[in-house]
Structures are given as structure tokens and as C-alpha cells.
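Sequence lines set the chain letters: A, B, ... in the order given, protein chains first and strands last, and positions in each chain run from 1.
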Number of protein chains: 2
Amino acid sequence: MLSKKTKYGLKALTYIARKGNNEPVQIGEIAKNEHISQKFLESILLTLRKSGFLGSKKGKHGGYYLIKKPSDILMTDVMRVLEGPIALVPCVSLNFYEKCIDCPDEATCSVNKLMIQVRDSTLNVFKNNTLEDISK
Amino acid sequence: MLSKKTKYGLKALTYIARKGNNEPVQIGEIAKNEHISQKFLESILLTLRKSGFLGSKKGKHGGYYLIKKPSDILMTDVMRVLEGPIALVPCVSLNFYEKCIDCPDEATCSVNKLMIQVRDSTLNVFKNNTLEDISK
DNA sequence: TGCAATTTCTATTAAATCGATAGGAATAAT
DNA sequence: ATTATTCCTATCGATTTAATAGAAATTGCA
């Protein structure tokens, strides 16, 4: 299941992208329009800023704005920051690989075999979608 | 992330399928060979029995056996029983659909748009894999 | 200069879920 | 009977998730 963090993060990015201009958008406005707890959204936007998707301006008339064009923001990158590894098991993760403790041999592991396919197909979707695509 | 329940369940099914014959396989044997907590595995096999994948024989020389041929056991069905909905959000689930509380319009929701694609690609993988395929 | 609006940061908490454990009842083979 | 196994219910500890609280820092503006 997708975490609310990811869901809200995607919605917030979409909201900002749809505004079109580069004016800072305030947390409160996004929270209200997307029905998200403002405090929770705060921490999510902070994460997105620290990972290079958003810029921020403090103080009055402050807020968040996109640093890159929506068409340059890949879902692979957004998902990895918000949700973590795309793979469902560490032993098939490209960016966060870890050997399973309980599994002596990946070559004969049926879970490994299935999850590699799931990873690749999911990755394919995320690679082929930018923020622009999902904001249309 | 895949739950251990699903991981262990798949490993157990694979273990039984690889034995080839229809002799009951004991929980203890599977747990030992696949490095799974026996008590936890008990509850998983019970679930798989109740949902029609396994049969069981009680008492001495008892155990679990496959009810259908491995080539007739689809991953879509196994995954739904062990892991639950395949969709990452309820609003794109085919079998467990629920409207999102916070989302007034699915047609304009970017999360919905992205997650439909993920669902379809994942579903495609599970549809094209039987227990026989992953046990090879 | 001071006030108001906003992001930033740290800490805490409530609830849910997950993985594992415990113990005994029922059943079957010998 | 005895032994080995599945079956069932209940519980627990740890972790994670989602949300909350409150105050510091920054900025715009009168």
C-alpha cells in the first residue's frame, strides 16, 4: 500500500506544477485544497526540498516552488525519495540491494525470480512518467 | 515492501511444489529448510489451506500438499490471499475498490493516474506467472 | 522598529500493523 | 497408550505510520 506521505507528496507536487508560474505556494493553501493535515504536509514538503525537488522562501509571502520543469521530474526519483526502494524485497533492489538473511541462493529463490519481474515492470512505469505527465 | 507472510508463503508453496509428489509435507521440514519460524509458518499454511491452495492431513505423517497443479496456480490469486490488494491505493483496486475520502475527483487525480499504470503492469506480471514458473 | 505571516526544526504521541510466540485441543498412525 | 502432527485462539513486543505541539528563524511591510 502506498503511504500517505507519498500520496500527499505527489498531490502537493502536482498542485504546485499545475499553478504553472514560479510563485511560491504556501503549505496552508495546498493542505486546504488537497485535504491534507497541514503539519504533516509541512514535513513532507521539507523532505522534498531537502532532496532537491522544491525550493522554498521563508517569511511572509513565502512558500514552495518547483526547482525543475515538471517534464524533468521523473517518478522514479520522486518515488524513491518519498516511498523508498521501488523493489518489494531488498535482494532485488537496484539502489538499496541487500542479501536476504534467510535465503542462501538467489538463483534458485522463487520470490527473487518473481520480484525481479515486478520491479522491472514498476520501474518501467515510473521511468515513463514525469510530473508533467501525471499533472495533465 | 513485501510482507514476510507473503515471502514465507511463496517459499513454502515453492518448496511443496518442488517435491513433485503428492505426499504431505510437514511444517517443520519446510520451516527448517527455508529458515522460517515454525509457528509463524503454521498460521500462513493455515491461511493457504483455508483459501483453497493447500490440503492438509492431520496427525502422524500429516502435513500439507498442493490441491491443484503448480501450473494452475496463478500468482494473482496467491498474492491477493497473502498480501491483499495488488493495487497500491484502494481507488484503483479492481477487487477491493474504495473511493478515497480526501479525493473529490479521480479523473483529475495524479496519484490515481499513476497508480492505475502500476497496478496494470504488476497485474500483468502476476497473471503471467504460475507456481510452476517461479519454481523452475 | 515592531508586527504578522510563513518556513524550519525537534520532540512527542496515538494508532495500526507486523512478526513472532504460547499453549493447548483435535486428530491420526503405530 | 503414545507420539507426532495440524488446528485454533489469544497475546505480545517492536516497529512504523500519521499526526500533533510548540517554539525558533526568517521575511515583508507598515
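- Summarising the geometry, the separation between CD on Glu29(B) and C1' on dT6(D) is reported as 15 Å, rounded to the nearest angstrom.
- Comparing atom distances between the Ser3(B) side chain and each of dG28(D), dA4(D), dG19(C) picks out dG19(C) as nearest.
- With respect to the salt-bridge test (charged N to carboxylate O, under 4.0 angstrom), the residues Glu29(B) and Lys32(B) do not qualify.
- Taking both residues in full, the closest heavy atoms of Pro90(A) and Met1(B) are given as CD-SD, 4.0 Å, listed atom of the first, atom of the second, then distance.
- Here the nucleotide nearest the side chain of Arg49(A), chosen from dA18(D), dT8(C), dG28(D), is dT8(C).
- Atom-to-atom, CG of Leu82(A) to P of dT17(D) comes out at 13 Å; the value is rounded to the nearest Å.
- Atom CD of Gln26(A) is separated from atom P of dT8(C) by 12 Å (rounded to the nearest Å).
- Residue Ser56(A) places its side chain closer to dT8(C) than to any other of dA18(D), dC7(D), dT8(C).
- OP1 or OP2 of dT20(D) lies within a sub-4.0 Å distance of a side-chain N or O belonging to Ser37(A).
- Counting non-hydrogen atoms under 4.0 angstrom, Ile27(A) reaches the backbone sugars and phosphates but no base.
- Counting all heavy atoms, side chain and backbone alike, Leu10(B) lies closest to Leu82(B) at N-CD1, 4.1 Å.
- Under 4.0 angstrom from either OP1 or OP2 of dC29(D) there lies at least one side-chain N or O belonging to His61(A).
- Listed pair Tyr8(A) / dA18(D) fails the phosphate criterion, with no side-chain N or O lying under 4.0 Å from OP1 or OP2.
- Atom CD1 of Ile44(B) and atom C1' of dA20(C) are 10 Å apart (whole Å).
- Per the geometry, CG belonging to Leu46(B) stands 14 Å off C1' belonging to dT27(C), to the nearest Å.
- Within 4.0 Å of Gly63(B), counting heavy atoms only, lie sugar-phosphate atoms of the nucleic acid but no base atom.
- The CZ atom of Phe40(B) sits 15 Å away from the P atom of dA22(C) (whole-angstrom rounding).
- Separating the CD atom of Glu83(A) from the P atom of dT16(D) is a distance of 14 Å, rounded to the nearest angstrom.
- Nucleic acid contact for Lys50(B): sugar-phosphate only, since backbone atoms but no base atoms lie under 4.0 Å from a heavy atom of the residue.
- Side-chain N/O atoms of Asn124(A) and Ser121(A) include no donor and acceptor closer than 3.5 Å.
- Residue Lys39(A) is in base contact, counting any heavy-atom pair closer than 4.0 Å across all strands shown.
- The CG-C1' distance, from Asp102(B) to dA18(D), rounds to 13 Å in whole Å.
- Between the side chain of Thr47(B) and the main chain of Ser43(B), a donor-acceptor pair closer than 3.5 Å is present.
- For the pair Glu42(A) and Lys60(A), both in contact range of DNA chain C, the more 5′-proximal nearest nucleotide belongs to Lys60(A).
- Here Lys58(B) does not reach the OP1 or OP2 of dA29(C): none of its side-chain N or O atoms lies under 4.0 Å away.
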